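All figures in this text were calculated on a predicted structure; none of them were measured in a lab. In the text below, chain A, chain B and the rest are named by the order of the sequence lines, each starting its count at 1.
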2 protein chains.
Amino acid sequence: MYRSHNCGELNASHINQEVTLAGWVQKTRNKGFLIWTDLRDRYGVTQLIFDEARTQKDVFELAETLGREFVIQVKGTVIERESKNPNMATGDIEILVKELTILNAAQVPPFTIEDETDGGEDIRMKYRYLDIRRNPVKNSLLFRHKVAMEVRNYLSAQGFIEVETPVLIKSTPEGARDFIVPSRMNEGQFYALPQSPQTFKQLLMVGGMDKYFQIVKCFRDEDLRADRQPEFTQIDCEMAFVEQEDIMQAFEGLASHLLKELKGVETGAFPRVTYDEAMRKYGNDKPDIRFGMEFGELNEVAQHKDFGVFNSSELVVGIAVPGGAAYTRKEIDALIDWVKRPQVGASGMVYVKCEEGGTYKSSVDKFYDQEDLKKWAEITGANAGDLILVLSGDAFKTRTRLSALRMELATRLDLRKPDEFAPLWVVDFPLLEWDEDSERFHAMHHPFTSPKPEDIPLLETNPGKVRANAYDLVLNGNEIGGGSIRIHDKDVQALMFKHLGFTDEEAKAQFGFLMDAFQYGAPPHGGLAFGFDRLVAILGGQETIRDFIAFPKNNSGRDVMIDAPSVINNAQLEELHIKLK
Amino acid sequence: MYRSHNCGELNASHINQEVTLAGWVQKTRNKGFLIWTDLRDRYGVTQLIFDEARTQKDVFELAETLGREFVIQVKGTVIERESKNPNMATGDIEILVKELTILNAAQVPPFTIEDETDGGEDIRMKYRYLDIRRNPVKNSLLFRHKVAMEVRNYLSAQGFIEVETPVLIKSTPEGARDFIVPSRMNEGQFYALPQSPQTFKQLLMVGGMDKYFQIVKCFRDEDLRADRQPEFTQIDCEMAFVEQEDIMQAFEGLASHLLKELKGVETGAFPRVTYDEAMRKYGNDKPDIRFGMEFGELNEVAQHKDFGVFNSSELVVGIAVPGGAAYTRKEIDALIDWVKRPQVGASGMVYVKCEEGGTYKSSVDKFYDQEDLKKWAEITGANAGDLILVLSGDAFKTRTRLSALRMELATRLDLRKPDEFAPLWVVDFPLLEWDEDSERFHAMHHPFTSPKPEDIPLLETNPGKVRANAYDLVLNGNEIGGGSIRIHDKDVQALMFKHLGFTDEEAKAQFGFLMDAFQYGAPPHGGLAFGFDRLVAILGGQETIRDFIAFPKNNSGRDVMIDAPSVINNAQLEELHIKLK
């Protein structure tokens, strides 16, 4: 062992002990006759002192050559610091060095290894191994480990069994794109990497495994939106002989446990809203409920006046911005411009200032009197001092736009506090969603999701109205988990494939094994999968997942550190029976 | 919830309770007026009773329709059994059924779902979800989960951090074949699936992570020998600021912990042998030391007599077979035929019977007298009643052949007891091994393994003699783990690549990121990886890994259940910029 202690554990109780430490040179201050060096490892920083008067000459001279990030080993005595640093765990002591060994010299790093670094995203990704030395990244990875351990120990104690499912599986064109893997031993054939272990966990239920989980890598070859990764990690779970309520209880238990153990947050029972309610109240199926600003629908009070824009709209809907009455004209114009940006897409926005005296001043005073506007205030929950912002148009699009505005304003108003946690369930999702491109219905969740039995007849008459036994767990405006009761009946599954546009042959070729399995005694079952990267990030108080992944890829799916993907040689292609196009 | 209790927990203390159970029909005995049904779930079997006298007519009639593997739910009363079954946890009770619901009917399964099934390997693999219902497979998967939990909790308590490394990495032609993954977003480029996270864990050490582990899927596109899988699981570990001894202590700790917690076996310190010793004493670098039969080298006492075969051999070596003196001539001839099979490859075998009176009878009595043979017996440790078997020829091949014979005899003599555990370390492996095909040296372990510093000069003069800081952990004749101290110096790494036949350009293209990393403060580091599938199997008392993997592939790398790999459509190939050859 190159050390007797780590760099985070020595304190006044160790004074006069002889110790050996090893680590990286964080920084060095050379006063000519005294050299202080901060020595860093995973556990902390300890100050070393080389003193011309007390340190051997050769050691002192060697100390003068130390650069940032040199890896060194020192032996010395723990002594009391003259000027203590109460902000450091080791701030009471320093090490008077007797022996110094340079284990590995270092070039000057391409960015500073400090909490606040001067390195941009690109350079930090290229030298990720240096970035990981920085506390923010290191602590994120340590936190991720802690969350994973909590998840495993909690679920295991609840009788769940972690089962590893295969990574080399079969391509199924439904949903997102698969990554595929040519088979050398089976010419012209390909494996696919799993987008999730969905069918395997269902087969484990058919196999009687009953309570399954797995923290597992999944893969999706999609054009990467910001903060998506081609490989990502799920906490994948499934249970048999359960109903929706049982699953929600089980995983509400897990989420509560994590919030309590990791964040010290006690939550009561998680609120539940239906998908329809969530859309109506927040314009969003993953609402952030840490703050209010719920939607108020104004059709009844704002239509059938002389304002044609509203009269011709499917939906007129507003929110109250706390304290917004104080905004200047310029600030309000900027907000209007913000919603008119192509990313949001509104064509305009109406506003109402709720003034202190109980009066209202709006951009549509020409069409609405004080009584009208008072009703708007009541419906949006606006108080004196607030600003009502109103959008109108197609219901779905308008809700989505107002939701974007709500989130933007909440961020600006600091209402999205990283140390507050507001979980909720969204239930009763639609089973199907219409896809404009392919002009057919797609499974909103996946093709194995069970429709609500009472809605099955609607499959023939009004497929878009069929509700699923599907539920999402939402935390702070992010979907952290989603699941459903699955179909376990061969005929219902066949019906579902039919409505998704599969021919019998296609269904059999792709999912024949599952349909077969359903004939040999499939129990009722359902489950849920958490997006582990996002869950960890949110619990860690952050919105971006990248720092919680040791070696993330960039938005082109590239690992810039190892430079992958890369070209491969022809012999390899040859063996795999493929060639470049 | 479809049940109030599971099928393994009810006993006499529950008598008279109303319960709801759900599970699979294991079997039914219909006596006309009484029907007994064994109901099975993950937790056990509970006997149900339908009694014409006490059960409602419609329920009784429905019970008559139940077939094997039907999924049912029953409500009823726990009653005392008339004839108890002390071999069953629930053997004191049965359930007098009041309500019966068929949750899912089942076709007759293609093989019996019993501990001893009538299904062959192929059919069980095709219907793996049914195979998993059988206790031997189910218990293997439960055991695997338990081992994984023990590993994680033990290592985590020791300060190790589990870090997920990427699955989509870069192809490196060294070693076994990579599986590759075409990149859609980067035309003409490919990811590779990792054969191990080797370089990433080293980069984590450069990143200061210090104590890393990961239970992780790895991939190897090799022609599959029996009991190898294209995707397999490792417990991958790495430590920084450590020497070989520290790593061996750390993972001997883990292995001891697992043996104690899972098998109740207390081991002392694991014995250690060098690679050279292991080869000399057992002809094998992963010796099974649950039994003796150590090799005795007979060159000194058997050469320079008149027996030309031995005189012209590099090595003459024998083992003593306990009780083998009683073998008939026919039995001995069969053993001689066994070693002459092409898989073993010996050209003949000499034997010596050690008779009870202290006399010897051998197949080479013409050349050796009793005094000679007595020496043979001393050297091989043969006692009266034993049989000495002697092979000769090229040293390496002869040792390998005698090792095969030693293992075969131990199996026949029941000396390889699944409930005995004999771990040992094999150390000081050669750094390089000569590859006949490519006519160059290959890294025996991998190109990052550190040579013993004192042997570095031999790289130029006698590369085959260079010893590595490499070690294997062997359990019951299987390598369960292997590792090494890594090179952490750029120049030594460059030297190593050179001796492995890499040009500077090749080394830079493939491992430039690692060489770069070594310039920015790489600490001394090393590690070990356990083959998790094999470890679990051996702890489970078995030699084959297949039943410890939920969904294994066959020897053609095929998942016969889902029928993967499979053909994919041209649109997919098109998008990936490849075509079939």
Q. Could you walk me through whether B:Arg184 and A:Asp223 pass the side-chain contact (heavy atoms from CB on, under 4.5 Å) check?
A. CA-CA 9 Å; B:Arg184 185 177 53 85; A:Asp223 298 318; 3.3 Å; yes
Below 4.5 Å from any heavy atom of chain A, which atoms of [X] appear? Answer side chain, backbone, both or neither.
X	value
B:Met205	backbone
B:Ala571	neither
B:Leu573	side chain
B:Phe219	side chain
B:Ile113	neither
B:Val167	both
B:Met561	both
B:Leu576	side chain
B:Ser566	both
B:Phe548	neither
B:Asp221	both

(Q) For the CZ atom of A:Phe241 and the OG1 atom of B:Thr20, what is their distance to the nearest 0.5 Å? (A)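 Between atom CZ of A:Phe241 and atom OG1 of B:Thr20 there are 12.5 Å.
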Q | CG-OH distance between A:Asn104 and B:Tyr520, expressed to the nearest 0.5 angstrom | A |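 If I round to the nearest 0.5 Å, the distance is 13.0 Å.
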**Q.** B:Arg558 and A:Gln189 side chains, donor-acceptor separation under 3.5 Å
**A.**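 A donor-acceptor contact under 3.5 Å links the two side chains.
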**Q.** Nearest heavy atoms of B:Lys553 and A:Pro166, plus distance in Å
**A.**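 In terms of heavy atoms, the two residues are closest at NZ-CB, 3.8 Å.
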Q. Between B:Phe200, B:Tyr2, B:Phe179, B:Phe513, which shows the greatest number of heavy-atom pairs under 4.5 Å with chain A?
A.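 Heavy-atom pair counts peak at B:Tyr2.
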Q: Let me see the working for B:Lys170 and A:Asp559 under side-chain contact (heavy atoms from CB on, under 4.5 Å), right down to the final yes or no.
A: CA-CA 9 Å; B:Lys170 183 173 177 166; A:Asp559 182 329; over 6 Å; no
Q) Taking C-beta and beyond as the side chain, do B:Pro182 and A:Ile180 meet within less than 4.5 Å on heavy atoms? A)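 Yes, side chains in contact.
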Q: With the side chain counted from C-beta on, respond yes when B:Tyr129 and A:Asp516 share a heavy-atom pair under 4.5 Å apart, and no when they do not.
A: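 The answer is yes, as the side chains (C-beta and beyond) meet within the 4.5 Å cut-off.
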Q. Taking it one step at a time, do B:Asp178 and A:Ile568 satisfy side-chain contact (heavy atoms from CB on, under 4.5 Å)?
A. CA-CA 11 Å; B:Asp178 287 325; A:Ile568 62 173; over 6 Å; no
Q.
Here's a test for you: under salt bridge (Lys or Arg N to Asp or Glu O under 4.0 Å), which of B:Arg152, B:Lys146, B:Arg144 qualifies with A:Glu162?
A.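 Among B:Arg152, B:Lys146, B:Arg144, the one that satisfies the salt bridge (Lys or Arg N to Asp or Glu O under 4.0 Å) with A:Glu162 is B:Arg152.
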Q: Please lay out, stage by stage, how B:Phe213 and A:His145 fare under the test side-chain contact (heavy atoms from CB on, under 4.5 Å).
A: CA-CA 10 Å; B:Phe213 82 102; A:His145 167 66; 3.9 Å; yes
